[in-house]
Visitor: 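Would you mind keeping the following structure in view while I ask a few things?
We're numbering straight along the sequence, starting at 1.
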Amino acid sequence: MRAASGILRRISLTLLALWLSFVPASADRRVALVIGNGAYVSTAQLANPSHDAEDVAASLRRSGFEVLQGIDLRQADMQDLTIRFARAASQADVALFYYSGHAMQYNGVNYLMPVDAVLADEADLKRFVRVDDIVNDLQQAKNLRILVLDSCRDNPLAENLKRSATRAASIGRGLSKVEAPRGTIVSFSTQSGQTAADGSGRNSPYTTAFLKHIEEPQEIGDVFRDISSDVYDSSGKTQLPELSLSIIGKFYLNGPVSVTVAPAAPKADPCASAEAHWKAADSIGTAAAFEDHLARFSNCSFASLAKGRIETLKQKVVLAPAAGDSKTFDGKWDVTISCTNSGKALGYTRSLSATVTNGALHAEDSEPRTNNTLAIDGQIPADGKTTLSARGMTGPSAYTVNNAVPGSPYAYTIDAQFERTRGSGKRNELRPCSFTFVKR
């Protein structure tokens, strides 16, 4: 009987070993946020990021990650997704953030750009996502944090900021270097202060190398060293990724069962950057900004203030008159747009008709010969003061600020004031244009 029980025990151990060999290298929780922004409204569009994000998300899922994915995100959507990631990272063992798209540095701070962002002056940077905030979110993960930015491309909008700067400011090429906190890997597609190539294939050169190596059964530090080496060789030694590692021991995304995880970093003060973030949220002044602050710093000194601001904003919405309460402006309106010369862009005048129903304005115009379209929408409250949204497709390049290809999408806002039978407004972004509204 003892011999039989010994044989059974050895068989059980053998089966257990075989089962373990097929189990993923860790039972940890892995979360990732993958963003690809390319369909920009106010600056050069990028062909690769949507493909990069799709392929990276699929690869990370095969490596056991729960993936939050966003493609061509507007400001509100990008903010919402980063808030969701912050919450997920706080419950994760491994957290990874990957971004492909336009980015820039200003005064040593790195910013990621939503597709609808404009950059007339320094204040517009509040519409961007700060890389420092992403790094703080990553630090909530227990064991390993990875930041990947394939975004060191030249950003034409940075030139607008240079021209508008009213004080000494540093606006460098590419991105500013980020030192990896303990337990973190930071990988940029090229060195700080340099710009990266977009490439001519489905993926950028950096993402091509990332996809080649990220699923290999190698130690994670070696994986990222191989990625850097591949990019350097494939670019003819002209593009060298920036890599900063601060990890102890070994970690495998795909590899041996025995894994040495880096000891947890000393507990950082979770409220260290709460004051700076509160100032930014307070300057933006929206419910979404205050909710973002609560998600990141729920136990810090400004949390109660954020809750109070959110409640105040909710009360304003409740007390605001319903959109359909005022029909003062209902009817047909003639709209005239006058834009002066701006840089190399020629000036023009355009006329179109608008209809206001229950206070909702809609105007639409198209020129089939040039593919040029324009639509204007917005709600006019009882006091007549409003911000309208305009969107459409560009016509001849000679009339566009960025010499855009005809048929390129664009969008901007209009601050307007309506009286009973007349109204006026001005365009907020890119170029000076005036609007005249006359009721028929």
Visitor: Do Tyr206 and Ile227 come within less than 4.5 Å of each other through their side chains, counting heavy atoms only?
Guide: yes
Visitor: Does a side chain donor of either Thr184 or Gln139 reach within less than 3.5 Å of an acceptor in the other side chain?
Guide: yes
Visitor: Identify the heavy atoms of Gln75 and Lys126 that sit nearest to each other, and give their distance.
Guide: NE2-O, 4.2 Å
Visitor: For Tyr232 and Pro241, work out which heavy atoms get closest and say how close.
Guide: N-CD, 4.5 Å
Visitor: State, with a plain yes or no, whether a side-chain heavy atom of Phe224 is found less than 4.5 Å away from one of Ile220.
Guide: yes
Visitor: When rounded to the nearest 0.5 angstrom, what is the spacing between OG1 in Thr208 and CG in Asp230?
Guide: 9.5 Å
Visitor: Would you say Thr207 and Tyr98 make side-chain contact, with heavy atoms under 4.5 Å?
Guide: yes
Visitor: Does CZ in Arg84 sit with more than 12 non-hydrogen atoms of other residues, nucleotides or ligands closer than 6.0 Å?
Guide: no
Visitor: So among Val34, Val31, Leu33, Leu253, which one has a side chain to side chain contact (heavy atoms under 4.5 Å, CB included) with Phe65?
Guide: Leu253
Visitor: So, the side chain of Asp377 versus the backbone of Ala363: is there a donor-acceptor pair under 3.5 Å, distance only?
Guide: no
Visitor: Indicate yes or no: at least one non-hydrogen side-chain atom of Phe251 is less than 4.5 angstrom from one of Val94.
Guide: yes
Visitor: Look only at the side chain of Arg296 and the backbone of Asn136, and say whether a donor-acceptor pair between them is shorter than 3.5 Å.
Guide: no
Visitor: With sequence neighbours excluded, what pairs up with Ala141 under the side-chain contact (heavy atoms from CB on, under 4.5 Å) test?
Guide: Ala95, Arg145
Visitor: How far apart are the closest heavy atoms of Val231 and Pro205, and which atoms are they?
Guide: CG2-O, 3.9 Å
Visitor: Are any of the side-chain nitrogens in Asp77 or Arg74 under 4.0 Å away from the carboxylate oxygens of its partner?
Guide: no
Visitor: Look up atom CG in Asp226 and atom CZ in Phe210, then write down how far apart they are to the nearest 0.5 Å.
Guide: 13.0 Å
Visitor: Going by distance alone, is a donor N or O of one side chain under 3.5 Å from an acceptor N or O of the other, for Asn48 and Ser204?
Guide: no
Visitor: Hey, is the main chain of Gln379 close enough, under 3.5 Å, to the side chain of Thr386 for a donor-acceptor pair?
Guide: yes
Visitor: When you check the side-chain N and O atoms of Asp55 and Asn203, is any donor under 3.5 Å from an acceptor?
Guide: yes
Visitor: Name all pairs fulfilling the disulfide bond (SG atoms under 2.5 Å apart) condition that reach into residues 37-145, sequence neighbours left out, sorted by first residue then second.
Guide: none
Visitor: Going from CG on Leu138 to CZ on Phe85, what distance comes out if it is rounded to the nearest 0.5 angstrom?
Guide: 4.5 Å
Visitor: Quick one: which residue pairs count as a disulfide bond (SG atoms under 2.5 Å apart) with a foot in residues 81-124, not counting sequence neighbours?
Guide: none
Visitor: Using modelled atom types only, decide if a donor and an acceptor are shared between the side chain of Thr394 and the backbone of Val405 within a distance under 3.5 Å.
Guide: yes
Visitor: Report the distance from atom CG of Asp222 to atom OH of Tyr252, rounding to the nearest 0.5 Å.
Guide: 7.5 Å
Visitor: Please confirm whether the backbone N or O of Asn358 pairs with a side-chain atom of Asp330, one donor and one acceptor, at under 3.5 Å?
Guide: yes
Visitor: State, to 0.1 Å, how close Asp365 and Ser351 come at their nearest heavy-atom pair, and which atoms those are.
Guide: OD2-O, 4.1 Å
Visitor: Got a donor-acceptor contact below 3.5 angstrom from the Asp292 side chain to the Ile83 backbone?
Guide: no
Visitor: Any idea which heavy atoms bring Ile247 and Gly183 closest together, and the distance?
Guide: CG2-C, 3.8 Å
Visitor: Not counting sequence neighbours, which residues clear salt bridge (charged side-chain N to carboxylate O under 4.0 Å, His left out) with Asp383? List them please.
Guide: none
Visitor: Between Thr43 and Met113, does the side-chain contact (heavy atoms from CB on, under 4.5 Å) criterion hold? Intermediate values first, please.
Guide: CA-CA 10 Å; Thr43 190; Met113 182 176 171; 3.6 Å; yes
Visitor: Less than 4.5 Å apart, side chain to side chain, heavy atoms only: is that true for Glu179 and Val186?
Guide: no
Visitor: Quick check against the 3.5 Å criterion: does Asp72 have a side-chain atom that pairs as donor or acceptor with the backbone of Ala39?
Guide: yes
Visitor: Between Lys439 and Arg420, does the side-chain contact (heavy atoms from CB on, under 4.5 Å) criterion hold? Intermediate values first, please.
Guide: CA-CA 8 Å; Lys439 194 173 185 181; Arg420 299 186 71 86; over 6 Å; no
Visitor: Could you tell me if the side chain of Gln239 sits less than 4.5 Å from the side chain of Ser189, heavy atoms only?
Guide: yes
Visitor: Can you pull the ring pair (Phe, Tyr, Trp, His ring centres under 6.0 Å) pairs that have at least one residue in residues 30-61, sequence neighbours excluded?
Guide: Tyr40-His102
Visitor: To the nearest 0.5 angstrom, please state how far the OG1 atom of Thr336 sits from the CG atom of Asp334.
Guide: 7.0 Å
Visitor: Before you tell me yes or no, could you show the steps for Tyr99 and Asn37 under side-chain contact (heavy atoms from CB on, under 4.5 Å), namely the whole-Å CA-CA distance, both residues' side-chain angles and the distance that decides it to 0.1 Å?
Guide: CA-CA 8 Å; Tyr99 175 82; Asn37 284 347; 3.8 Å; yes
Visitor: By side-chain contact (heavy atoms from CB on, under 4.5 Å), which residues pair with Ser246, not counting sequence neighbours?
Guide: Ala180, Arg182
Visitor: May I ask you to test the Leu112-Met78 pair for a side-chain heavy-atom distance under 4.5 Å?
Guide: yes
Visitor: What disulfide bond (SG atoms under 2.5 Å apart) pairs are there with at least one residue in residues 74-110, not counting sequence neighbours?
Guide: none
Visitor: side-chain contact (heavy atoms from CB on, under 4.5 Å) with Tyr412: which residues, sequence neighbours excluded?
Guide: Leu374, Ala390, Tyr410, Ile414, Arg427, Glu429, Phe435
Visitor: Is there a donor-acceptor pair closer than 3.5 Å between any side-chain N or O of Ser63 and the backbone N or O of Glu215?
Guide: no
Visitor: Under 3.5 Å, side-chain donor or acceptor atoms of residues 338-349 against the rest of the protein: list the pairs with distances, not counting sequence neighbours.
Guide:
{"from": "Asn341", "atom 1": "OD1", "to": "Gly347", "atom 2": "N", "distance (Å)": "2.6"}

Visitor: Under the salt bridge (charged side-chain N to carboxylate O under 4.0 Å, His left out) test, which residues partner Asp80, sequence neighbours left out?
Guide: none
Visitor: Among residues at least two apart in sequence or on other chains, which ones pass side-chain contact (heavy atoms from CB on, under 4.5 Å) with Ser389?
Guide: none
Visitor: Looking only at non-hydrogen atoms, find the nearest pair between Val115 and Gly38 and report the distance.
Guide: CG1-N, 4.3 Å
Visitor: Pairs of donor and acceptor atoms involving the side chains of residues 298-307, under 3.5 Å and at least two apart or interchain, shall be tabulated with distances.
Guide:
none

Visitor: Between Gln69 and Arg61, is a side-chain contact (heavy atoms from CB on, under 4.5 Å) present by the stated rule, with each step listed?
Guide: CA-CA 11 Å; Gln69 182 179 342; Arg61 289 188 181 102; 3.3 Å; yes
Visitor: How long is the span from the CZ atom in Arg350 to the SG atom in Cys433, to the nearest 0.5 Å?
Guide: 11.0 Å
Visitor: Do Trp333 and Leu361 make a side-chain contact, defined as non-hydrogen atoms from C-beta onward lying under 4.5 Å apart?
Guide: no
